[in-house]
Structures are given as C-alpha cells and as structure tokens.
Asks: 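Take a look at the following structure, please.
All residue numbers in this chain count up from 1 along the given sequence.
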Amino acid sequence: MNAAATTEFRSGEEVRYDLRGPKRWILSHLLRYPWLPALAALFAVLNNIGYSGWQYAIGKTFGVLSSPGWTDRELVASVLVIAGAGILQGLGGLGRNFSFEFLAQKIERDARAELYTRLLGKSQAFHSRQRVGDIMARATNDVHFLNLMFSPGIALIFDSILTTAVPLVFIATIDLRLLLVPVIFIVLLVLTVLDYNRRLNPATDGQRAAFGELNASLADALEGIETVKANLGEPRETARFLEGAGRLRELYVRIARIEGRYWPLLVYAVCWGLGFLHALLLMRAGAITLGDVVSYMLLYSAFRFTTFISIWSFNLFQMGLSAAGRVLETIKAKTDLDENPGGRAARIEGRVEFREVTFSFAGKKDIACGDDVELLEESERELAAAGSGACGEGREGEGGPPATLRRVSFAVEPGQTVAIVGRTGSGKTSLVRLINRIFDADSGRVLVDGVDVRDWNLESLRGQVATIEQDVFLYSRSIAWNIGFGKEGATREEIEAAAKEAQAHDFILGFEKGYDTEVGERGVTLSGGQKQRIAIARAFLVDPRILILDDSTSAVDSRTEDEIQRAMRRAQAGRTTFLITHRLSQIRWADRIIFLRGGEVAAMGTHAELLDGSEDYRRLFARG
C-alpha cells in the first residue's frame, strides 16, 4: 500500500492505505478489519440457509398434508423444521446486520480521519484554491456515502447473491431439471444489471459533483453575507443558488429515469411464469409432486428480493464509488512541502538570512490560476498580481511570468526588528512566508541559524515562528481556549500570564464569563483590537524565537494601536521580529528597514538612512 509522498503533517497513528484507485482504497480500508466481513458472510449464509430451508419445508409440509394417510407426528415434525429454519434465519439476519453496520461505521470513521489528517498536511497553496463548501461536502456527505455503500449497499448486494445461490442448491435437491429457468433468469439478470450500472455510473458521478458545487455556493454566500447585503447581491446569489439546485435536480431526475427503466423486474416476471409452467409440466409427467411444485415456486420467489433490491443497492454502491473518488482525489492532491521528520530540531537563536532568493507562484503545481485567483487570500492575490498573473509553468527568462521575489539577499541578527515596506504587490507577505515554509523558494536559500529551512524539521521550525496578521482568526470557542491553542496542555495560569503581557487581561475580565467567554464565529463578539491582543497573547504563550507581524494594526484606531504597540514591544523583546506595515510610527523604531520594489530589494537601512538615500522610500511616505 502507498501514500502520498509528501505532506506537512502526519498523525502519529496514521495508517497507510492503497491510493491507486477508489476500489483499491476502499478495499484497503476493508482489510483493516478482516474478521468483520468474514463474520458478516457467515451470518449471511446462515440467514439464507434458514430462509430457503423455511420455504423448502413449507412446500414439503404441503405435500405431506395433500397426501392421504398423514399422521400428527409428521405434522409436528414439519412444524418444528419450519420453526427451526425461521429461528436460524432471524439469528443469522441479526448477526449479519450487526456485522455490516459495525464495519460501515468503522470505515466511515477511518476515512474521515484520513481525509482530515491529509487536509491538515496540504500546503497553503492547495488550501488557497479550494472552495470550503466543496471540501466540507467531501468531508461530511461524501464520506458518509461510504458508510451507506457498505450498510445497506454491499450488505444487500451480498445478501442478494446468497438469496440467489442458496435457493438454487435447494431447487437442485428437488429435481435438476428445475434449474433450467432459474439459470436463464440469472444470466439475463446479470446482463441487465451490468447495463443498468453502466448507465447509472456517470449520473451518480455528476450528482456528487453537483452537490459539492451547490454546497460551495451556499458556503460562499453565507461566509460573505455582509458583502452580499452591502452590494444588494441577494437576487444574484439566489439566482446562482437556484441554478445549482436546478442542475442537481436534473441529475436526480436523470437517475430516477434510469431506475424507471429497470429491466430486471420484467425479466423476473417473465421467468417466474416460465418457471411455473415448467414445474407444472414436470408434475404432469410424474417427475415431481405437488409439494415439490410449491417448494420450487416459493424458492423461486426468493429471486424477487434479488431483483427488487438491486435497483437500490447498486445505486448506493455507485454513489459510494463516486464519493470515494472525490474523497480520494482530495487525499491524493500533492504538495511540494514535506514535514522532514528527520530534519534539524533545536532551539532557534533567531538569525535569518536570505541568499539570492527567487520565488514565483508560477512554479507551484497546486496554486490557483485564472479565475481561481479570486479564491486566494488577499496577500496571495497581490503576489499573483505582482507576477502579472502567476499561471503557467514558465520561469523568469524562460517566457514565463515575472517572479514575485527576485534575488533577495539580506541577513538579520538574533533579536533585531526588521520592517518590510513597499507598495502593494511588492512581495512583502511572500517574503515572510518563506521563513516558516508556508511556501518554498524556487531558487536561492532561506537560512535560520545558518541552516536551510528545508533542512529543518517542519514542526520544530513552525513551532518557534509566530505570525500575527491583520485578519486574526479565532475559533468559536472560549477566549482561554483561543489563547492556549498554540500550546497543548497550557494551564490557566500560563494563559492569564500571557494575556497580561499582551495587555488583554483587563478587557477579558470585563466580560461576564471572563476567560470562559465564547468569542463566536471568527471572534465576531470582539473588536479588532481585542482580537489582535488575543493573538499577541497566543504568541507570548508559544514563546516564539521569530515573530512576524503582518500589517496587524492597520484596521484599528490610534488608542487601540498604542495599546497593541505596547504589547508588541513586549512580544519583540529578545526575539527576531519581522514587521510588515505602512505606519511610520512603527517603522521608525525598527533596527533595519528593507524596502521592496517589484519583488526586489531596492534599499536597506534605518529610517533616517532611507529618507536620505532612497527617493522611492521618501515618495512612499510622502503619498501616505
């Protein structure tokens, strides 16, 4: 079995599955629990032996009662046989259902855990181009269809096979000639079911894809509800959603039409009549008795279950395969980054050096192109714009788009604060994202403490680099939980100490529930400044050696900015800090300023030095 070659994260309990196709992937999940399908098969066989034995015994009992001279002893024996067969059928069915359902639940759980783990291991470029609604549909609805595929889907298919095979054995004990019509029926059933699946498969694939699109459309509208309302977009979004719902409805109607032309039901009815005629002819010839005819027809009636249930069970099976294909597509999506578990893992001192670093989105196989650029985060859109559209496989000098960063070189000593400034699209955010390997450089080297970041253990590297951005993400949990997110097992005392250092303790105590206050979706109950200070407290708790502040005070008022800056100065003490901002009040006290223009380092120095020596730098603040 194989797994994707690279990932940024692996669970300690990760199991390797066969990713060479949906069927192999499902089978590898199934083989984790070989005793469950074996147990299910055993109980299913017992269930069908009991069912067919029950039908067979009823016919024989009818033959006994229709013959002269039957005794009470014969009647009691027949009743006991029928009762025993019924009990065997019931117990077998109970064990079969339990085994298949238990197996289905385990496979759904394992598949969802595998998908979630792999999603965490995908690169930022991958997540930037994904529609959250579609990913959610794959992680919830599609994974659940794997459950339904096994129970009741495969359970019914397997049971229908036995419901066909076991009655054939009992029919053969009556008279081998009675197998003629059932064999013809089975051949025609296989041919018609194969044709049914051939027509059904593309429809179910389209249905799963349409559901994902519809879910993504809904998620987009709800996530951007403020933008929708501010721009009077309700009619447009409604029309968009109804269009997607209409496409999904058409696919459901298409599947219903395919199911409506389900020829096996007609095949069963015709063969039932032919089988009854054949049995009567054999009885008239004296080859079998009336009781044998009754047993035969009751056993043949078992084929009705096979025929009728196929229309539903094969639909569930095909839906499960389609869902498995979508889930596997997400799992197999490759990323260029790897966690490098054998890499350097040590305390970072804080020296950062860029040596002739060039970076472009054009080289990223999983970055968005074309219309998908709208799905990128704001900082990534500005970088794509800087490259005049970073799509294609070209490189600078090879007919491709310009690189976002070109031949960038500088060195920062431990504990220094460096401000990164430049116009929109100059590559500021891209530069700092190379430090903790959100992206990797195309050429050149990014070194931390003299070691290439690609040679660091990714967990160790990122665990010592903290980023505070303008748009702070907070989970819909308590304030204490959000502060302690970066440090597993953080105590309440540590959380409160970090909040005090970040100038957040006082406003947190102002809430009725204090640190146990739920912040709502993305921290909606907090102001921008409050969210920033919680993010700073989170950074204090992690105690990073390198701190990245990405335009983190651009959306707050002056008073709040002063409070945040005091917290930031505390955070920067003894740490290497990279500061991305347009605020002169923050830039001027940096140890060094790196001025970027068009992805290149246009000038470096202190604020005073750049004002004296860089006309572009002076113009940048003169216009601000």
Asks: For the residue pair Val327 and Val143, establish whether any side-chain heavy-atom pair is separated by less than 4.5 Å.
Replies: yes
Asks: Parallel, tilted or perpendicular: which one describes the rings of Tyr475 and Phe485, with boundaries at 30° and 60°?
Replies: tilted
Asks: Taking the side chain as every heavy atom from C-beta outward, state whether Asn147 and His144 have any atom pair closer than 4.5 Å.
Replies: yes
Asks: Is a side-chain donor or acceptor of Asn482 paired with a backbone partner of Leu474 at a separation under 3.5 angstrom?
Replies: no
Asks: Say whether, by atom type as modelled, one donor and one acceptor occur between the side chain of Thr417 and the main chain of Ala590 under 3.5 angstrom.
Replies: no
Asks: Parallel, tilted or perpendicular, judged at 30° and 60°: which one describes the rings of Tyr515 and His505?
Replies: tilted
Asks: Has Arg355 got a side-chain atom pairing as donor or acceptor with Ala411's backbone, closer than 3.5 angstrom?
Replies: no
Asks: With a 3.5 Å distance limit and no angle check, can you tell me whether Lys428 reaches the backbone of Arg423 through a side-chain donor-acceptor pair?
Replies: yes
Asks: Report the C-alpha distance between Thr358 and Arg406 in whole Å, list the side-chain angles of each, state the deciding distance to 0.1 Å, and finish with yes or no for side-chain hydrogen bond (donor to acceptor under 3.5 Å, both in side chains).
Replies: CA-CA 4 Å; Thr358 297; Arg406 289 186 291 275; over 6 Å; no
Asks: Should we count CZ of Arg588 as having more than 12 external heavy atoms under 6.0 Å?
Replies: no
Asks: Go through the steps to decide whether Phe578 and Ile594 satisfy the test side chain to side chain contact (heavy atoms under 4.5 Å, CB included), and finish with yes or no.
Replies: CA-CA 10 Å; Phe578 289 85; Ile594 299 176; 5.6 Å; no
Asks: Kindly assign one of parallel, tilted or perpendicular to the pair Phe439 and Phe359, based on the angle between their ring planes and the thresholds 30° and 60°.
Replies: tilted
Asks: Hey, are Asp110 and Arg32 close enough for a salt bridge, meaning a charged N less than 4.0 Å from a carboxylate O?
Replies: yes
Asks: Could you check whether any side-chain N or O of Gln464 sits under 3.5 Å from a backbone N or O of Leu461, counting only pairs where one atom can act as donor and the other as acceptor?
Replies: no
